[in-house]
Amino acid sequence: MTAEQVVFVLAAVVTLGSALGMVTTRSVFVGALWMIAVFGGVAALFILLGAGFLGIVQILVYIGAIAVLILFAIMLTPRVMGDPNAPRYNRQWPLVAVMASALASLLVALVLRTDWPLAQEGAPTITGFAVELGKGFMTTYILPFEVASVLLLVALIGAIVIAREE
Amino acid sequence: MKPYAVIGAFLVIGLLLPLMTVMAATLLSPRKPNPIKQDIYECGLKTVGETWVQFKVQYYIYALIFVVFDIEVVFLYPWAVAYNQLGLFALVEMLIFAGILLAGLLYAWRKGALSWV
């Protein structure tokens, strides 16, 4: 096995193992912590695929922000936080099992049918891609870039207006 | 893939170092526990009531504000990487970008969303 294959197997084991830990744990809070490990494994997979910038965004946004949001949401919810020994199943589990199996078979069918092309030699490196993106932001895509800032501002103000009780 | 080898090595060492410290303490230290020794000391206090409690909903606003500025970092990152190859124009542009978001921060501050509850 090459070094990349070793890293891939490690990342895949971490991702799948953490995913298993996430869905089997009783505590939603512990499940969220497992989810952070899943995000980390997925970030490693992105980097292995040559999508380094996406890997960094995965760490920054998913581990840094989304995970925090989810942990906050759990900690702010009384029924979830109040009872760490909540039952693992509710009466909707057969329906969920059917839906999950259907989705799983669809995904497996897709994976098997897809012809996976290999990355070409000379594909952009991580810094190369980020540099190109940075240059693009400052030249061709200057308007979308600034509009994104306005969008974030709107999101910030909207969040404050909605979430704060006057 | 070369530069990632350094990151990988950093990750491995970063995981091993604290693990080894804890392992060394577990393996080497003599253990004669008694209730007073195992009691909480210094900054620790015995908890009053249940620890798995619901936190105040107002805290959610901090998480929301944090997410917005976290997304800003994603935009700052390519700019910072390409900084050497860009001119003054890019700096001004980024200042405008940050300035617009700074207005949002000012709004949050004025609305009292940043004050601790």
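Convention: sequence-line order gives letters A, B, ...; per-chain numbering from 1.
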Student: Once rounded to the nearest 0.5 Å, what's the spacing between atom OH of B:Tyr83 and atom NZ of A:Lys135?
Tutor: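 The NZ atom of A:Lys135 is 15.5 Å from OH of B:Tyr83, to the nearest 0.5 Å.
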Student: What part of B:Leu105 gets within 4.5 angstrom of chain A, counting heavy atoms only: side chain, backbone, both, or neither?
Tutor: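 Only the backbone of B:Leu105 comes within 4.5 Å of chain A.
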Student: With clusters defined by side-chain heavy atoms of hydrophobic residues (ILVMFWY) lying less than 4.5 Å apart, directly or transitively, does A:Ile59 cluster with B:Leu11?
Tutor: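 They do not share one cluster, since no chain of ILVMFWY contacts under 4.5 Å joins B:Leu11 to A:Ile59.
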Student: For the aromatic rings, using the six-membered ring if either is Trp, is the centroid distance between A:Phe53 and B:Tyr77 under 6.0 Å?
Tutor: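 Yes: the rings meet the under 6.0 Å criterion.
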Student: Do you know the tightest heavy-atom contact between B:Glu93 and A:Phe137?
Tutor: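 Heavy-atom minimum between the residues: OE2-O, 3.2 Å.
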Student: Name the region of B:Phe89, side chain, backbone, both or neither, that has any atom closer than 4.5 Å to a heavy atom of chain A.
Tutor: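 Just its side chain gets close to chain A.
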Student: When rounded to the nearest 0.5 angstrom, what is the spacing between CG in A:Leu153 and CD in B:Glu72?
Tutor: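 The CD atom of B:Glu72 is 11.0 Å from CG of A:Leu153, to the nearest 0.5 Å.
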Student: Any heavy-atom pair between the side chains of A:Leu156 and B:Tyr107 that's under 4.5 Å?
Tutor: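 They are not in side-chain contact.
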Student: Among A:Ile142, A:Leu133, A:Val7, which residue has the highest count of heavy-atom pairs closer than 4.5 Å to chain B?
Tutor: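 Most pairs with chain B among the choices: A:Ile142.
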Student: Got a second to check how far B:Ile71's CD1 is from A:Ser149's OG, nearest 0.5 Å?
Tutor: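 That separation rounds to 13.0 Å.
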Student: Let me confirm one number: the CZ-OH distance from A:Phe72 to B:Tyr62, rounded to the nearest 0.5 Å.
Tutor: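 Reported value, rounded in 0.5 Å steps: 9.5 Å.
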Student: Any side-chain heavy-atom pair from A:Val68 and B:Val67 closer than 4.5 angstrom?
Tutor: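 Counting from C-beta outward, A:Val68 and B:Val67 never come under 4.5 Å.
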Student: Please find the pair of heavy atoms, one from B:Leu101 and one from A:Leu152, that lie closest to each other, and give the distance.
Tutor: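 For B:Leu101 versus A:Leu152, the nearest heavy atoms are CD2-CB, 3.6 Å.
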Student: Which heavy-atom pair separates A:Gly134 from B:Leu86 by the least distance, and what is that distance?
Tutor: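 Where A:Gly134 meets B:Leu86 most closely, the heavy atoms are O-CD1, 4.3 Å.
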Student: What is the minimum heavy-atom distance between B:Asp70 and A:Ala65, and which atoms define it?
Tutor: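 The pair with the smallest heavy-atom distance is OD2-CB, 3.4 Å.
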Student: Once you round to the nearest 0.5 Å, how far does CG of A:Leu69 lie from CG of B:Leu64?
Tutor: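 Atom-to-atom, A:Leu69:CG and B:Leu64:CG are 6.0 Å apart.
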Student: Under a single-linkage definition using a 4.5 Å side-chain heavy-atom cutoff for Ile, Leu, Val, Met, Phe, Trp and Tyr, are A:Val9 and A:Val42 assigned to the same hydrophobic cluster?
Tutor: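 Different clusters.
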Student: Nearest 0.5 Å, please: how far is CD in A:Glu146 from CZ in B:Phe75?
Tutor: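 That separation rounds to 10.5 Å.
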Student: Search all heavy atoms of A:Ala73 against all heavy atoms of B:Tyr60 and return the closest pair with its distance.
Tutor: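 Shortest heavy-atom contact: N-CE1, 4.0 Å.
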Student: Same cluster for B:Leu15 and A:Val14 if Ile/Leu/Val/Met/Phe/Trp/Tyr side chains link at under 4.5 Å?
Tutor: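 B:Leu15 does not cluster with A:Val14.
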Student: Treat each ILVMFWY residue as a node, draw an edge where side-chain heavy atoms are under 4.5 Å apart, and state whether B:Ile61 and A:Ile157 are in one component.
Tutor: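 Yes, one cluster joins them.
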Student: Crowded around B:Leu19 CG? As in, over 12 foreign heavy atoms under 6.0 Å?
Tutor: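 Enclosed: over 12 neighbouring heavy atoms sit under 6.0 Å from CG of B:Leu19.
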Student: Are B:Ile96 and B:Phe69 grouped together when hydrophobic residues (ILVMFWY) are joined by side-chain heavy atoms under 4.5 angstrom apart?
Tutor: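 Yes, B:Ile96 and B:Phe69 fall within the same hydrophobic cluster.
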Student: Using a 6.0 Å cut-off, check whether atom OH of A:Tyr62 has over 12 heavy atoms from anything other than its own residue.
Tutor: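 No, because the 6.0 Å sphere around OH of A:Tyr62 holds 12 heavy atoms or fewer from other groups.
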Student: For chain B, which candidate among A:Val61, A:Ile66, A:Thr139, A:Leu71 shows the most heavy-atom pairs at distances under 4.5 Å?
Tutor: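 Max contact count across the listed options: A:Val61.
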